[in-house]
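A short write-up of the structure that comes next.
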Amino acid sequence: MRKRKAKQGEKIYLIKATISDWLSRVGGNPYKVLAIPEGLTLYKLAEAIVDSFDFNFDHCFGFYDDIKRWTDSDEGYELFADIGEESRFIGVEKTKVNKVFDKIGKKMLFLFDYGYEWHFIVELERVESSNEGERYPFVVESVGNSPPQYG
């Protein structure tokens, strides 16, 4: 994934992405904490998450506010909307991280690959000032081994 320096005054969002099962249980599962500039799009956040788990960024995805039953979500953002497919949600290519993760502790389900259904619980842990010269995004913390993407 291409990295960039933070813009002057841009905040850095520390976002934890934890692999979960289909019931949203995360106990004992691997996770990554990512440093993400607030002005990055959800598309770039998705790319950073997938890359941090050593997966190929080769499937459609979405972010949903109902982390247990994503199909019942009221708030959602999908790549389908950006590529001209039918979607009741808005796209991810122009939606900024700071518009979605608008408070500490907010969680969303990041669903990657609708066939295999990789579930990640994504949570805004904290907001910090950017470090001059640092290139973002990057992994701040990595716990556990990434599973293989394909069986």
Side-chain angles (χ1 to χ4, degrees), residues 1-6 10-80 82-83 89 91-93 95-151:
M1 146 161 239
R2 206 169 125 215
K3 296 183 177 195
R4 69 165 176 84
K5 291 182 181 179
E10 188 173 32
K11 297 294 183 189
I12 301 302
Y13 281 36
L14 281 290
I15 295 180
K16 182 178 182 179
T18 308
I19 292 180
S20 76
D21 65 13
W22 288 6
L23 298 174
S24 301
R25 294 179 297 214
V26 296
N29 288 341
Y31 68 85
K32 313 291 182 186
V33 177
L34 305 166
I36 304 287
E38 66 179 323
L40 242 54
T41 64
L42 289 181
Y43 183 92
K44 291 296 185 184
L45 172 60
E47 187 177 17
I49 293 168
V50 169
D51 186 57
S52 75
F53 282 92
D54 298 319
F55 287 8
N56 295 318
F57 192 53
D58 57 356
H59 292 282
C60 284
F61 58 87
F63 290 86
Y64 305 96
D65 69 339
D66 191 324
I67 62 174
K68 293 187 180 197
R69 294 179 52 106
W70 64 272
T71 56
D72 291 339
S73 292
D74 294 319
E75 179 186 3
Y77 309 87
E78 294 179 331
L79 182 60
F80 293 127
D82 294 308
I83 62 173
F89 298 115
V92 294
E93 290 183 343
T95 304
K96 305 287 185 191
V97 168
N98 62 358
K99 298 299 181 198
V100 175
F101 292 93
D102 54 356
K103 64 181 184 254
I104 303 296
K106 181 168 183 183
K107 293 181 183 179
M108 298 285 284
L109 170 69
F110 169 55
L111 177 63
F112 177 70
D113 183 352
Y114 292 86
Y116 194 84
E117 282 199 28
W118 281 103
H119 290 221
F120 300 83
I121 305 301
V122 180
E123 179 181 5
L124 176 59
E125 287 197 324
R126 64 186 185 276
V127 178
E128 298 178 348
S129 298
S130 60
N131 294 323
E132 189 175 331
E134 190 76 65
R135 299 184 65 76
Y136 299 94
F138 65 87
V139 176
V140 174
E141 181 181 3
S142 178
V143 173
N145 295 320
S146 298
Q149 182 175 1
Y150 301 111

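- For CG of D21, the number of neighbouring non-hydrogen atoms (other residues, nucleotides, ligands) closer than 6.0 Å is greater than 12.
- Contact annotation: the side chain of T41 approaches that of K96 to within less than 4.5 Å [non-hydrogen atoms, C-beta and beyond].
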side-chain contact (heavy atoms from CB on, under 4.5 Å) between L14 and R126: does it pass, once the steps are laid out? CA-CA 5 Å; L14 281 290; R126 64 186 185 276; 3.9 Å; yes
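- At most 12 heavy atoms of other shown residues, nucleotides or ligands fall within 6.0 angstrom of atom CZ in R69.
- Under the salt bridge (Lys or Arg N to Asp or Glu O under 4.0 Å) criterion, E75 pairs with K106, sequence neighbours left out.
- If you take NE2 on H119 and OG on S24, they are separated by 7.5 Å, rounding to the nearest 0.5 Å.
- Annotation: side chain of V50 is not in contact with side chain of F120 (no heavy-atom distance under 4.5 Å).
- Annotation: the span from D72 atom CG to Y64 atom OH amounts to 12.0 Å, rounded to 0.5 Å.
- In this pair, Y114 and F80 present their aromatic rings tilted. The plane angle is within the 30 to 60° band.
- No side-chain donor-acceptor contact under 3.5 Å links T95 to the backbone of V92.
- Considering every non-hydrogen atom in both S146 and S52, the closest pair reads OG-O, 4.2 Å.
- Residues P37 and R4 approach most closely at CB-NH2, 3.5 Å, considering heavy atoms.
- Residues F55 and Y116 place their aromatic rings such that the two centres sit no closer than 6.0 Å.
- Considering all non-hydrogen atoms of both residues, I83 and C60 come closest at CD1-SG, 3.9 Å.
- Residue-environment remark: NZ (K107) stays at or below the threshold of 12 foreign heavy atoms within 6.0 Å.
- Separating the CD1 atom in I49 from the OH atom in Y31 is a distance of 15.0 Å, to the nearest 0.5 Å.
- A ring-ring contact (aromatic ring centres under 6.0 Å, His included) with Y43 holds for exactly one of F63, Y77, F57, F110; it is F57.
- A donor-acceptor pair is defined here as one N or O able to donate and one able to accept, closer than 3.5 Å; such a pair exists between the side chain of E38 and the backbone of K11.
- Taking both residues in full, the closest heavy atoms of F112 and H59 are given as CE1-O, 3.6 Å, listed atom of the first, atom of the second, then distance.
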Audit row: M108, S73, side-chain contact (heavy atoms from CB on, under 4.5 Å) steps and yes/no: CA-CA 10 Å; M108 298 285 284; S73 292; over 6 Å; no
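- Of the inter-residue distances, the one linking S142 atom OG with L34 atom CG reads 9.5 Å to the nearest 0.5 angstrom.
- To the nearest 0.5 Å, atoms CG (L42) and CG (L79) are separated by 11.0 Å.
- Panel note: side chain S20, backbone V26; no donor-acceptor pair is recorded below 3.5 Å.
- With respect to P137, the side-chain contact (heavy atoms from CB on, under 4.5 Å) criterion is satisfied by exactly one of V97, L40, D51: L40.
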What's the verdict on side-chain contact (heavy atoms from CB on, under 4.5 Å) for F101 and L45, showing C-alpha distance, side-chain angles and the deciding distance? CA-CA 11 Å; F101 292 93; L45 172 60; 3.9 Å; yes
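- Two rings, from F138 and Y136, have their centers less than 6.0 Å apart.
- In plain terms, the two heavy atoms of E141 and V143 that are nearest each other are OE2-CG2, 3.7 Å.
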Evaluate F53 against W118 for side-chain contact (heavy atoms from CB on, under 4.5 Å), listing each step before the verdict. CA-CA 11 Å; F53 282 92; W118 281 103; over 6 Å; no
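- What you find for E117 and W22 is that their closest heavy atoms are O-NE1, 3.2 Å.
- Between the E10 side chain and the G39 main chain, a donor and an acceptor come within less than 3.5 Å of each other.
- One distance of note links CD of Q149 with CG of D58; it measures 5.0 Å at 0.5 Å rounding.
- Although no hydrogens or angles enter the test, the distance criterion places a donor-acceptor pair under 3.5 Å between the side chain of D65 and the main chain of D74.
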